[in-house]
Amino acid sequence: MTADLFDDVEQPWVEPLEDGAQVLRRFASARAPALLDAIIRVTEQAPLRQMKTPGGHTMSAAMACCGTWGWVTDRKGYRYQQTDPLTDKRWPGMPEILRALAREAAEQAGYPDFEPDACLINRYLPGAKMALHQDKDETDFSQPIVSVSLGSPIVFQFGGDRRSDRPRKVPLEHGDVVVWGGPSRLRYHGVLTLKPFDHPLTGACRYNLTFRRAG
DNA sequence: CAGTGACG
DNA sequence: TAGG
C-alpha cells in the first residue's frame, strides 16, 4: 500500500524564461503546507503591514520580513534594515524550511552558491497588485532572486532592463518558483491585479516569498 | 530621489 | 472593464 496511490503530487518541471531566468513549475508544492506554517510563525512576530512609498501612497500588498535584513519603504525611501520599524527589534530569523527551499531552487536554476540573508513575505488579497519595478536595493547583484508563489494564481510580468520594455506575461500558480539572476538580475518585474480565487490551502489569498542576498 | 502607485 |  503506497502513499502515492492516494497522494496526487505533481512532479516539478522547468520552464526557461530568459538568459539566467527560469520558472520551476510546482517546485514548492509538496512543501507548501509547511511553508505556510512557517509564514504564520514569522508573521506572528513581525506582522504583515501595508507600507507607504516615498510618494505617500499605500502599497496594496501587505509585507513582512524575516532573516538578517528586511526591505522597508516609507516617506524616507526604500532600504534594507536589520530591525522592524514597527517594533525596533530584529526581524524574525529565516525558518530553515524557507532557507532550504530557496537554496534548492537556486541550485536547480544554476546558482549553487546562493546564501539568502533576506526573505520578504508579500500577501496579496483580491485587488492587490505590484507595479513593474527592479530589485536594486541589494548590495550583491551576483546572487539571484528566488520568488515563491503560494495560494491563488496570478499573472507575473517579466520585463527588460528598462521600464518601457514590454514585459512577458507569465501565469504563476501554487508552488511555482521563479529564479532570475546573472544577465537578468535587474529585470523589471511585477504582478497584475489578483483576481478572487478560492484556494484550498490559503483561501482567497496569495503569498509570495522573495529571497535575496541583501547585505 | 522614489513609478513596489495613481490616473484617464 | 481592465490593462497598457
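Letters go in sequence order (proteins before strands), and every chain restarts at 1.
- Annotation: proximity of residues 71-79 of chain A to DNA chain B (heavy atom, distance under 4.0 Å) is found for W71(A), G77(A), Y78(A), numbered in ascending order.
- Each of D117(A), D137(A), D113(A) was scored for a salt bridge (Lys or Arg N to Asp or Glu O under 4.0 Å) with R213(A), with one residue passing: D117(A).
- To the nearest angstrom, C1' of dT4(B) lies 10 Å from CG of D137(A).
- When all heavy atoms are compared, the tightest approach of W69(A) to A214(A) is CB-CB, 4.0 Å.
- Rounding to whole angstrom units, CG of residue L132(A) and C1' of dA2(B) are separated by 15 Å.
- Of the residues near DNA chain B, S164(A) and T58(A), the one whose nearest nucleotide (by heavy atom distance) lies more toward the 5' end is S164(A).
- Counting all heavy atoms, side chain and backbone alike, T73(A) lies closest to T53(A) at OG1-CA, 3.5 Å.
- Side-chain atoms of H174(A) and D176(A) form no donor-acceptor pair, as typed in the model, at a separation below 3.5 Å.
- Atom CZ of R123(A) is separated from atom C1' of dT4(B) by 17 Å (rounded to the nearest Å).
- Contact record, H199(A) with S152(A): CB-N, 4.1 Å, taken as the closest heavy-atom pair.
- Heavy atoms of K195(A) sit under 4.0 angstrom from primed sugar atoms or phosphate atoms, though from no base atom.
- Between the C1' atom of dC1(B) and the CD atom of Q134(A) lies a distance of 14 Å, rounded to the nearest Å.
- With respect to the salt-bridge test (charged N to carboxylate O, under 4.0 angstrom), the residues D74(A) and R79(A) qualify.
- Taking atom CG on N208(A) and atom P on dT4(B), their separation rounds to 16 Å, with Å as the unit.
- Within the nucleic acid shown, H133(A) comes within 4.0 Å of at least one base atom, counting heavy atoms only.
- At whole-Å resolution of the value, OH in Y188(A) and C1' in dG5(B) are 14 Å apart.
- Residue S60(A) places no side-chain N or O under 4.0 Å from the OP1 or OP2 atom of dT4(B).
- Using a 4.0 Å heavy-atom cutoff across all strands shown, Q157(A) reaches sugar-phosphate atoms only and no base atom.
- The listed nucleotides are dA6(B), dG3(C), dT4(B); the one nearest the side chain of D135(A) is dT4(B).
- With contacts defined as side-chain heavy-atom distances shorter than 4.5 Å, the pair L17(A)/W180(A) does not qualify.
- When the C1' atom of dA6(B) is taken as reference, atom CE of M59(A) falls 14 Å away, rounded to whole Å.
- For the pair L194(A) CG and dA2(C) P, the interatomic distance rounds to 13 Å; values are reported in whole Å.
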